[in-house]
Amino acid sequence: MDQRSAPTAVRQGYMTRNRLAVSLLFLMNGFVTGSWAPKIPEFKDRLGISESVLGLLILMFGIGSLVLMPIAGGFIARVGSQKVVKVTAILLSPLLLLLTLLPNVWAAAVGMFLLGGFVGAMDVAMNANAVEVEKSMRRAIMSSCHAYWSLGGLIGAGIGGFLMARFGVLPHVLVVTVLSLTVIAIAWPMILADKPHPAATKEKLRLPMTPLPWLIGIMALFSMVPEGTVLDWGALYLRNELGASVELSGFGFAAFSATMATMRFAGDHVRDRFGAKRTLRICTVTALVGMVLAGLAPNAYVAILGFAIAGIGISNMVPIAFSAAGNMPGLQPGIGLSVATFMGYSGMLFAPSLIGFVAEHTGFAIIFASVPVLFIVVLMLSHHAHHADHAKAH
């Protein structure tokens, strides 16, 4: 016991046991999500399905997320985020293994619904737990938590192709499952036990009727649509419209995600110094400049620079929106967060498919130059970000 508490005492102001636990949960969720990406071609070939059927299965992932996220928010209000995050993490761990063993497209549709559902439900729970850890530490940690998610995604996507090529599909998902359960086991005893408000146990599971959670949800939505646009269409834009090589076209999202992960680790310090409202405004203007630069770029190199600048800006917009959603007065953190995550992820999951349809007729340059209009709305709503500093004020 003494050995475990000693380092905690030394680093009490920065990395407490509770913060380490919630950071590991973000890492594990990102790792599972990232591990899915390199599996997609194998998944398609094994089931013998077309791109359009694969698109519908991926849509089931999004629907699963949007169905289970609000349910998770309701349970968090009733029993606390600790219990919900433990259950959802355990249920998420073996789902890639399950997807690998499913025999047909109908079973795969159910599997995709469950994968998206528990990725999303765990997402709400771990964000709610991060809000509680922020309150207990009186310092911002949300941006670094999201940086751990990005890092987990990078590790999952990075080692997935290597493991499948070297050892095969089944060993890959077994490794993913074992590593995920190991991370959960390490985090398990350190996860902050948050108690629900006594009145919360009597509340019905219903969506809030006040406008504030929905306005912060719009902030999350309009912050995440551009992220999904770069993720899904950045490489195609570089290759088809700016003449980039296959190798170079991959650097668009690489530059975007690298600056995003880096800035998320720095974001909490920036927010502690300047406050959430000013940080959000600086980030939003930076993201706007980067996306416009990418959309108006004369060549691929300038566009990649634009994506890198956009990554710097977008990095801390969503964490601040989530912190604000979890710290609204008179509202349980799980309820506010479920609205913000529901709206934010719906933008990331569904908007890129709509953008693809529009881009068929207009091209991607005008899309990337126009998407920053959403950031102007975020700027107009940015005064609500002061709720993200609520944890430090109390």
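Only a predicted model underlies this, so the values are computations on that prediction, with no experimental measurement involved.
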Honestly curious: do [X] and [Y] fall in one hydrophobic cluster under the side-chain, below-4.5 Å linking rule?
| X | Y | value |
| --- | --- | --- |
| Leu151 | Val176 | yes |
| Met263 | Ile304 | no |
| Val373 | Leu381 | no |
| Val289 | Ile376 | no |
| Ile191 | Ile184 | yes |

[atom1]/[X] to [atom2]/[Y] distance, rounded to the nearest 0.5 angstrom?
| X | Y | atom1 | atom2 | result |
| --- | --- | --- | --- | --- |
| Ile216 | Ile320 | CD1 | CD1 | 11.5 Å |
| Lys83 | Phe75 | NZ | CZ | 12.0 Å |
| Leu25 | Gln82 | CG | CD | 10.0 Å |
| Leu115 | Leu92 | CG | CG | 6.5 Å |
| Asp45 | Leu47 | CG | CG | 9.5 Å |
| Met126 | Phe322 | CE | CZ | 9.0 Å |

Minimum heavy-atom separation for [X] to [Y], with atom names?
| X | Y | answer |
| --- | --- | --- |
| Phe31 | Ser180 | CD2-OG, 3.9 Å |
| Ile49 | Leu57 | CD1-CD1, 3.6 Å |
| Met142 | Val131 | CE-CG2, 3.6 Å |
| Leu296 | Ala369 | CD2-CB, 4.1 Å |
| Met28 | Met122 | SD-CE, 3.4 Å |
| Gly275 | Thr279 | O-OG1, 2.7 Å |

Any non-hydrogen side-chain atom of [X] less than 4.5 Å from a side-chain atom of [Y]?
| X | Y | value |
| --- | --- | --- |
| Met343 | Met69 | no |
| Pro171 | Leu163 | no |
| Ile141 | Cys145 | yes |
| Pro226 | Ile314 | yes |
| Thr284 | Ser382 | no |
| Ile218 | Trp214 | no |
| Leu102 | Leu99 | yes |
| Asp123 | Thr88 | no |

Problem set entry | Candidate pair Met219 and Met224, rule side chain to side chain contact (heavy atoms under 4.5 Å, CB included), full reasoning | CA-CA 9 Å; Met219 284 168 54; Met224 291 182 82; over 6 Å; no

Exercise. Mind checking whether Tyr237 and Phe368 have parallel, tilted or perpendicular rings, split at 30° and 60°?
Worked result: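 The arrangement is tilted - the two ring planes meet at 30° to 60°.
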
Donor-acceptor pair, side chain of [X] and main chain of [Y], under 3.5 angstrom:
| X | Y | result |
| --- | --- | --- |
| Thr16 | Arg19 | yes |
| Ser144 | Phe265 | no |
| Asn316 | Leu280 | no |
| Asp194 | Asn129 | no |
| Glu132 | Ser81 | no |

Problem set entry | side chain to side chain contact (heavy atoms under 4.5 Å, CB included) assessment of Leu20 paired with Leu24 | CA-CA 6 Å; Leu20 175 60; Leu24 288 172; 4.2 Å; yes

Problem set entry | Check against ring-ring contact (aromatic ring centres under 6.0 Å, His included), Phe26 and His146 | CA-CA 7 Å; Phe26 272 83; His146 284 253; 5.3 Å; yes

For this session: For atom CG of Leu215, decide whether the heavy atoms of other residues, nucleotides or ligands shown that lie under 6.0 angstrom number more than 12.
Result: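 Enclosed.
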
For this session: Answer yes or no: are there more than 12 heavy-atom neighbours, outside Arg278 itself, under 6.0 Å from its atom CZ?
Result: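 Incorrect, the count does not exceed 12.
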
For this session: For Trp188 and Ile90, run side chain to side chain contact (heavy atoms under 4.5 Å, CB included): C-alpha distance rounded to whole Å, both residues' side-chain angles, the deciding distance at 0.1 Å, then the answer.
Result: CA-CA 11 Å; Trp188 193 274; Ile90 290 291; 3.9 Å; yes

For this session: Could you list the residues that satisfy side-chain contact (heavy atoms from CB on, under 4.5 Å) with Asn240, not counting sequence neighbours?
Result: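 Counting only residues at least two positions away or on another chain, Asn240 forms a side-chain contact (heavy atoms from CB on, under 4.5 Å) with Leu236.
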
Exercise. For Arg264 and Ser315, does a side-chain donor sit closer than 3.5 Å to a side-chain acceptor?
Worked result: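 Not at all, the side chains of Arg264 and Ser315 share no donor-acceptor pair under 3.5 Å.
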
Exercise. Have Arg271 and Ser323 got a donor and an acceptor in their side chains that come within less than 3.5 Å?
Worked result: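 Note: Arg271 and Ser323 side chains meet the donor-acceptor criterion.
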
Problem set entry | CA sep, side-chain torsions, deciding dist, call: Leu98, Leu95, side chain to side chain contact (heavy atoms under 4.5 Å, CB included) | CA-CA 5 Å; Leu98 177 70; Leu95 287 180; 3.8 Å; yes

Exercise. Where do Phe61 and Trp36 land on the ring-ring contact (aromatic ring centres under 6.0 Å, His included) test, with the steps shown first?
Worked result: CA-CA 11 Å; Phe61 179 99; Trp36 160 243; 7.3 Å; no

